[in-house]
2 protein chains.
Amino acid sequence: MQLEKLVHFHKIMGDPTRIKILALLSHGPLHGQAIAGKLGKTAPTITHHMTKLREINAIRERREKNTIYFELNLDSLRGQTTALLTLIQGKEREMESMTLTAEKLAVVRNFLDKEGRLKNIPAQKKKKLMVLEYLVQGLELGKRYPERELNEYLKQYHEDFATLRREFIMHQFMYRENGIYELNPPEMWDNKPVPSSH
Amino acid sequence: MQLEKLVHFHKIMGDPTRIKILALLSHGPLHGQAIAGKLGKTAPTITHHMTKLREINAIRERREKNTIYFELNLDSLRGQTTALLTLIQGKEREMESMTLTAEKLAVVRNFLDKEGRLKNIPAQKKKKLMVLEYLVQGLELGKRYPERELNEYLKQYHEDFATLRREFIMHQFMYRENGIYELNPPEMWDNKPVPSSH
DNA sequence: TGTCTAATTAGATAGTAATCAAATCACCAT
DNA sequence: ATGGTGATTTGATTACTATCTAATTAGACA
């Protein structure tokens, strides 16, 4: 359910220590003990909070020998902060923003071969997002996709379905709940600008 | 402290019932019992949640004979949802958005007499917001103003300092904590559009 | 004045969550 | 192997909060 995710996000954010962690990370990546030091908390406490932040996809991590560096996932945070607003301000538009503009389509077409399969996955982020948006058109809003079914769908476009599936999650096109995938509303996708005020 | 407010906002939002209430109100105003009915909760429970929502300025209320109608305060919600983002994404700009544009100033000037005092407080909301922004220029970001000091400052511009002070709070230019007033960051002011994505 | 309706307050209960100390795990380097 | 360092798990403690029932307040109206 969509509501649960929104609530969960805000519940996670409703804690001073976690907000401080995010503020710290906004200056650059840090490892666990550094965070613990700066906040005057013990290591287990930081682990606890990082687990929570991971649940809502607020951070990414990279390990280097024994220590783990955490950094913000700004795209994800942006999407989720605005999700509440889009839920609240007028139910009018729902599918409207779901259609690709013509000029985006032109870009995407460069990555397709004559059979309509992906020649490769764009490395450039902006273009990658356009391709992801293109792929997501074939999925249904509100429908629940078991992982196997999603893989089948993606394999039509590229053999590396696992990467595509991961990108869907990473960029908030879909979310996963016990192995079941489902589309997020378009407002949460990473390629969408923040909606203008009502 | 600014952090506390952010945390409080998210803590309040981290509850399914409250999110449902906001979603209901997005269709139009409702009174307490109607909300209770639609959500299958008792009246005291709704009162409880309304108190919380009031704390973060998420709702406005209007009474009609014996029943109270609640409605969303969208401006306030918009400001607070984006506050987290602006805290997190790069510390670069801070004062940048604090300057009035020339065309806004032109509007404001119509409300000032030759001594620079307010001839009256604009009734039209958009103009009122411009005037408030103008007044707030003389205050210092990060400084704490006891109520008496704030009154003195406002009295320079208009004898009805109480109204102005109330408007500052209502439109998120300032917040109050045990009788002490302090500026909110410009991103929270009601007259600011939602900031575009990074 | 008394009655009806809507809202609030008070008090109780049950569930959740932040934090720490102690123990454990995982990887690295000698 | 063995010792070291950083991260995680476990268990206990404490504090908070959503929800209900019962009691109370506050207007409106007749």
Side-chain angles (χ1 to χ4, degrees), chain A residues 1 3-25 28-73 84, chain B residues 1 3-25 28-56 58-72 84:
Chain A
M1 183 167 196
L3 203 179
E4 278 314 317
K5 201 171 177 259
L6 238 184
V7 171
H8 193 218
F9 171 77
H10 285 94
K11 200 173 293 192
I12 299 286
M13 286 319 208
D15 178 276
T17 306
R18 284 193 283 267
I19 300 261
K20 283 182 202 156
I21 290 175
L22 294 185
L24 278 181
L25 293 183
L30 284 177
H31 57 133
Q33 312 229 299
I35 298 173
K38 290 189 189 252
L39 296 184
K41 297 275 150 71
T42 66
T45 300
I46 301 305
T47 297
H48 168 71
H49 289 303
M50 285 325 201
T51 309
K52 299 289 195 180
L53 290 174
R54 203 178 298 122
E55 283 172 13
I56 60 168
N57 209 2
I59 51 168
R60 311 161 135 300
E61 37 210 298
R62 163 180 58 90
R63 57 183 320 148
E64 199 162 293
K65 53 170 262 175
N66 232 342
T67 100
I68 299 180
Y69 287 88
F70 300 95
E71 63 181 338
L72 290 186
N73 187 344
L84 174 65
Chain B
M1 184 168 194
L3 202 176
E4 278 314 316
K5 209 179 170 250
L6 238 184
V7 171
H8 194 218
F9 171 76
H10 284 95
K11 201 175 291 193
I12 300 286
M13 287 317 207
D15 178 276
T17 305
R18 284 193 282 268
I19 299 261
K20 282 181 202 155
I21 290 175
L22 294 185
L24 278 181
L25 293 183
L30 283 177
H31 57 135
Q33 312 227 299
I35 299 174
K38 292 191 188 247
L39 296 185
K41 297 274 149 74
T42 66
T45 300
I46 301 305
T47 297
H48 169 69
H49 289 303
M50 285 327 200
T51 308
K52 299 288 195 179
L53 290 174
R54 203 178 298 121
E55 283 173 10
I56 60 168
I59 52 169
R60 312 162 136 299
E61 39 211 296
R62 163 179 59 91
R63 58 183 318 146
E64 198 161 293
K65 52 170 259 173
N66 233 340
T67 99
I68 299 180
Y69 287 87
F70 300 95
E71 62 181 337
L72 290 186
L84 174 64

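Computed over heavy atoms, backbone and side chain alike; hydrogens, waters and symmetry mates excluded. Lettering follows sequence order; numbering is per chain, from 1. Everything numeric in this text was worked out from a predicted model, so none of it was measured.
Counted within 6.0 Å of CZ on B:Arg60, heavy atoms from surrounding residues, nucleotides or ligands total 12 or fewer; the atom is thus considered open.
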Give each protein N/O atom lying under 3.5 Å from an N/O atom of nucleotides 9-11 of chain C, with the pair distance.
none

Protein-nucleotides 27-30 of chain C N/O pairs under 3.5 Å:
residue : atom : partner : partner atom : Å
C:dC27  : O2   : A:Asn66 : ND2          : 2.9

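Between A:Thr51 atom OG1 and A:Ile46 atom CD1 the span is 10.5 Å, to the nearest 0.5 Å. The CG atom of B:Leu30 sits 5.5 Å away from atom CD1 of B:Ile35, with the distance rounded to the nearest 0.5 Å. To the nearest 0.5 Å, atom CG of residue B:Leu6 and atom CE of residue A:Met13 are 9.0 Å apart.
Contact between A:His49 and A:Asp15 at its shortest, heavy atoms only, is CE1-OD1, 3.7 Å.
Spacing between atom NZ of A:Lys41 and atom C1' of C:dA21 amounts to 16 Å, rounded to whole angstrom units. In this structure, B:Ile21 atom CD1 and D:dT19 atom P are separated by 9 Å, rounded to whole Å. Atom CE of B:Met50 and atom P of C:dA6 are 16 Å apart (whole Å). Summarising the geometry, the separation between NZ on B:Lys52 and P on D:dC16 is reported as 11 Å, rounded to the nearest angstrom. Whole-Å rounding puts the A:Lys11 NZ to C:dA18 C1' distance at 14 Å. In this structure, B:Glu61 places its CD atom 12 Å from C1' of C:dT8, rounding to the nearest Å. Between the CG atom of A:Asp15 and the P atom of C:dA18 there is a distance of 5 Å, rounded to whole Å. Rounded to an integer number of Å, the gap from B:Ile59 CD1 to C:dA7 P is 12 Å.
Between B:Arg63 and B:Ile68 there is a side-chain heavy-atom pair separated by less than 4.5 Å. At least one side-chain heavy atom of A:Leu39 sits under 4.5 Å from a side-chain heavy atom of A:Leu24. Side chains of A:Glu61 and A:Met50 form no contact here, defined as non-hydrogen atoms less than 4.5 Å apart.
Checking B:Ile46 against A:Gly14, the closest nucleotide of DNA chain C that is more toward the 5' end is the one next to B:Ile46.
Among the heavy atoms of the strands lying under 4.0 Å from B:Thr67 are primed sugar atoms or P, OP1, OP2 only; no base atom is included.
Between D:dA7 and A:Gln33, a contact under 4.0 Å exists linking OP1 or OP2 to a side-chain N or O. Checking the phosphate oxygens (OP1, OP2) of D:dT5, no side-chain nitrogen or oxygen of A:His31 falls inside 4.0 Å.
The backbone N or O of A:Leu53 lies less than 3.5 Å from no partner atom in the side chain of A:Arg18, so there is not a single donor-acceptor pair.
Of the candidate nucleotides D:dC20, C:dC20, C:dT8, D:dC20 has the atom nearest to the side chain of B:Thr45.
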